[in-house]
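Computed from a prediction, not measured in an experiment: that's the story for all the values here. Values below: all heavy atoms of this structure, side chains included; hydrogens, waters and symmetry mates excluded.
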Amino acid sequence: SYIEISRPTLQDSQEIFDLYLRRIRNIKDVATLAETASKHLFTTDKKSQVSGAMIKDIVDKACLCAIKRAINDGDNGLTYEDLIQIIDNE
């Protein structure tokens, strides 16, 4: 016997993004950011591969982009563009 774990749905992925994004400072609207990032992820060819680990990895890498931008330009906070860049380039 085995346990089957299904892939997250669009709604599930939004909740997972929300969970990880809430841990980050300087995000003005976490709910909107989570919703738009998950919708974008599900429009890519990666939608059949979505997992909680993938979403955590996207958020972690987007944080690194935001940190680099803050060091170079003085901008603070993770943005939608950071998440989209990682989603599109993974």
Can you give me the closest heavy-atom contact between Cys63 and Ile24, atom names plus distance? SG-CD1, 3.3 Å

How would you list, by chain and number, every residue that makes a side chain to side chain donor-acceptor pair (under 3.5 Å) with Thr32, sequence neighbours excluded? Asp29

What I'd like to find out is whether the side chain of Arg7 reaches to under 4.5 Å of the side chain of Ser51, using heavy atoms alone. yes

Supply the atom-to-atom distance Leu83 CG to Ser38 OG, rounded to the nearest 0.5 angstrom. 10.5 Å

Smallest separation among heavy atoms of Val50 and Ser13, with atom names: CG1-CB, 4.4 Å

Check whether any side-chain heavy atom of Leu21 sits under 4.5 Å from a side-chain heavy atom of Leu78, and report yes or no. yes

Could you measure the distance from the CG atom of Asn89 to the CD1 atom of Ile58? Nearest 0.5 Å is fine. 11.0 Å

Please report the shortest heavy-atom distance between Ala31 and Asp18, naming the atom on each side. CA-OD1, 3.9 Å

Give the C-alpha distance, both sets of side-chain angles, the deciding distance and a yes or no for side-chain contact (heavy atoms from CB on, under 4.5 Å) between Lys61 and Gln85. CA-CA 10 Å; Lys61 289 179 178 180; Gln85 178 183 352; over 6 Å; no

Side chain to side chain donor-acceptor pair (under 3.5 Å) filter on Glu15, not counting sequence neighbours, yields Gln11

Is the closest side-chain heavy-atom distance between Ile55 and Leu41 below 4.5 Å? yes

Using the rule that two of Ile, Leu, Val, Met, Phe, Trp, Tyr join whenever any of their side-chain heavy atoms come within less than 4.5 Å, decide whether Leu64 and Tyr80 are in one cluster. no

After noting the C-alpha distance and the side-chain angles of Asp82 and Arg69, does the key distance pass the salt bridge (charged side-chain N to carboxylate O under 4.0 Å, His left out) rule? CA-CA 10 Å; Asp82 296 324; Arg69 193 180 60 257; 2.6 Å; yes

Those residues at least two apart in sequence (or on a different chain) that pass side chain to side chain donor-acceptor pair (under 3.5 Å) with Thr9 are Asp12

Distance-only, no hydrogens or angles: does the Lys56 side chain make a donor-acceptor pair with backbone N or O of Tyr20 under 3.5 Å? no

Atom NZ of residue position Lys47 - does it have more than 12 heavy atoms of other residues, nucleotides or ligands inside 6.0 Å? no

For Ala66 and Gly77 the tightest heavy-atom approach is CB-O, 3.8 Å

Would you say that Phe42 contacts His40 through its side chain, given a criterion of any heavy-atom pair below 4.5 Å between the two side chains? no

hydrophobic_cluster_shared for Ile67 and Leu33, side chain cutoff 4.5 Å: no

